[in-house]
Amino acid sequence: MKAKIRVHKGDITKLKVDAIVNAANNSLLGGGGVDGAIHRAAGPQLLEYNRKLGGCETGKAKISPGFNLPAKFIIHTVGPVWRGGKYNEAELLKNCYINSLKLAVENGIKSLAFPAISTGVYGYPIEEATRIAVESVNDFLFTNDFIEEVIFVCFDDKTYKVYENVLR
Ligand code: AR6
């Protein structure tokens, strides 16, 4: 079966999918932006659980239960901080998508939703980040047919328009 890719405008914490992806930081202990929203919606058990995960390197991914979320799991990945583009940011951002998808397959996850990783506080230019997001997911799905649905969740109009353009 060919996996479906779609764009959704809204709050990722509301989605009833097998897993939502969190744009976390290396501590995995919460923060602002989508990370803060996910911790608030999942409840305090998430912080307790993540304390045992021992953090996460940039570009890698770790999994937790969804706790109070409609999603069953949360895949926490850590995007690169944008430092002008010469510090391996593109490769690290690609790794976030690929490693999240690999972890999803390992855990029997068939539907997952990604936020626009690194494009908020971490400052990654939105057009470039979106191209990497879409290409990485497309490449992965081309060789792996376990995943049935990938949703790119955009929190604001600007991000939504960029995703629509890149996907078209
Ligand atoms: N649902 C979907 N997308 C959201 C939501 C939401 N509820 N809230 C924000 N976004 P950011 P980063 C969008 O800053 O750049 C945290 O403090 C947001 O509009 O959340 O990877 C972490 O702990 C933007 O488009 O993540 C790290 O320290 C996108 O999510 C740091 O921020 C990513 O913005 C990670 O920075």
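First listed ligand is number 1; within each ligand, the first listed atom is number 1.
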Element-labelled atoms of ligand 1 that are located less than 4.0 Å from some non-hydrogen atom of [X]:
X: Thr119; answer: 15 (O), 24 (C), 25 (O), 29 (C)
X: Ala37; answer: 7 (N)
X: Gly10; answer: 1 (N), 2 (C)
X: Gly31; answer: 17 (O), 23 (O)
X: Asp156; answer: 19 (O)

Worksheet item: Do His8 and Cys154 pass the side-chain contact (heavy atoms from CB on, under 4.5 Å) test, and can you show the C-alpha distance, the side-chain angles, and the key distance before you say yes or no?
Response: CA-CA 6 Å; His8 171 82; Cys154 304; over 6 Å; no

With a cut-off of 3.5 Å and sequence neighbours excluded, list every side-chain donor-acceptor pair involving residues 29-52.
unit_1: Asp35; atom_1: OD1; unit_2: Asn22; atom_2: ND2; d: 2.7
unit_1: Asp35; atom_1: OD2; unit_2: Gly31; atom_2: N; d: 3.3
unit_1: Asn50; atom_1: ND2; unit_2: Leu28; atom_2: O; d: 2.9

To the closest 0.5 Å, what do you measure between [atom1] ([X]) and [atom2] ([Y])?
X: Ser136; Y: Leu141; atom1: OG; atom2: CG; answer: 10.5 Å
X: Ile63; Y: Leu53; atom1: CD1; atom2: CG; answer: 10.0 Å
X: Leu101; Y: Asn144; atom1: CG; atom2: CG; answer: 8.0 Å

Can you report which non-hydrogen protein atom sits closest to [atom], along with the distance?
atom: atom 33 (C) of ligand 1; result: Ala116 O, 3.3 Å
atom: atom 2 (C) of ligand 1; result: Ile12 N, 3.6 Å
atom: atom 28 (O) of ligand 1; result: Tyr122 OH, 3.3 Å
atom: atom 21 (O) of ligand 1; result: Ser118 N, 2.8 Å
atom: atom 15 (O) of ligand 1; result: Gly120 N, 2.8 Å

Discussion item. Heavy-atom contact check, 4.0 Å cutoff: does Gly79 meet ligand 1?
Written reply: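 Heavy atoms of Gly79 never come under 4.0 Å of ligand 1.
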
Item to complete: Sort and list the pairs that fulfil side chain to side chain donor-acceptor pair (under 3.5 Å) and have at least one residue in residues 89-113, not counting sequence neighbours.
Response: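 Sorted pair list comes back empty.
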
Out of [options], whose heavy atom is nearest to [atom]?
atom: atom 18 (C) of ligand 1; options: Phe152, Trp82, Phe155; answer: Phe155
atom: atom 16 (C) of ligand 1; options: Pro80, Gly32, Gly33, Gly123; answer: Gly32
atom: atom 32 (O) of ligand 1; options: Leu93, Val121, Asp11; answer: Val121
atom: atom 20 (O) of ligand 1; options: Asn26, Leu29, Ile117, Val34; answer: Val34

Worksheet entry | Among Ile117, Leu93, Thr58, Val81, the one residue meeting side chain to side chain contact (heavy atoms under 4.5 Å, CB included) with Tyr122 |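 It is Val81; the other options fail the test.
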
Discussion item. Hydrophobic clusters here meaning ILVMFWY residues chained together by side-chain heavy-atom distances under 4.5 Å, can you tell me if Ile75 and Ile151 are in one?
Written reply: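 Unlinked, Ile75 and Ile151 end up in two clusters.
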
Worksheet item: So is Ala24 polar-close to ligand 1, meaning N/O to N/O under 3.5 Å?
Response: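 Between Ala24 and ligand 1 (N or O atoms, distance only) the closest approach is not under 3.5 Å.
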
Discussion item. Check this for me - ligand 1, Asp35, N or O atoms closer than 3.5 angstrom, yes or no?
Written reply: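 Checking ligand 1 against Asp35, an N or O pair does fall under 3.5 Å apart.
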
Discussion item. Between the side chains of Asp156 and Lys9, is the shortest nitrogen-to-carboxylate-oxygen separation below 4.0 Å, so that they form an ion pair?
Written reply: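 No, no charged N to carboxylate O under 4.0 Å.
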
Discussion item. Side chain, backbone, both or neither: which applies to Ile38 and ligand 1 if a contact is any heavy-atom pair less than 4.0 Å apart?
Written reply: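 The answer is neither; Ile38 stays 4.0 Å or more away.
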
Discussion item. Counting only heavy atoms closer than 4.0 Å, does ligand 1 sit against the backbone of Ala23, its side chain, both, or neither?
Written reply: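 Answer for Ala23: both.
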
Worksheet item: Just wondering, more than 12 heavy atoms not from Tyr87 lying within 6.0 Å of its OH?
Response: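 No, because the 6.0 Å sphere around OH of Tyr87 holds 12 heavy atoms or fewer from other groups.
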
Worksheet item: What do you reckon, is CD of Glu57 surrounded by more than 12 foreign heavy atoms closer than 6.0 Å?
Response: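 Open.
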
Item to complete: May I ask you to decide if Pro80's main-chain N or O and Ser118's side chain share a donor-acceptor pair within less than 3.5 Å?
Response: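 Yes, Ser118 side chain to Pro80 backbone: donor-acceptor pair under 3.5 Å.
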
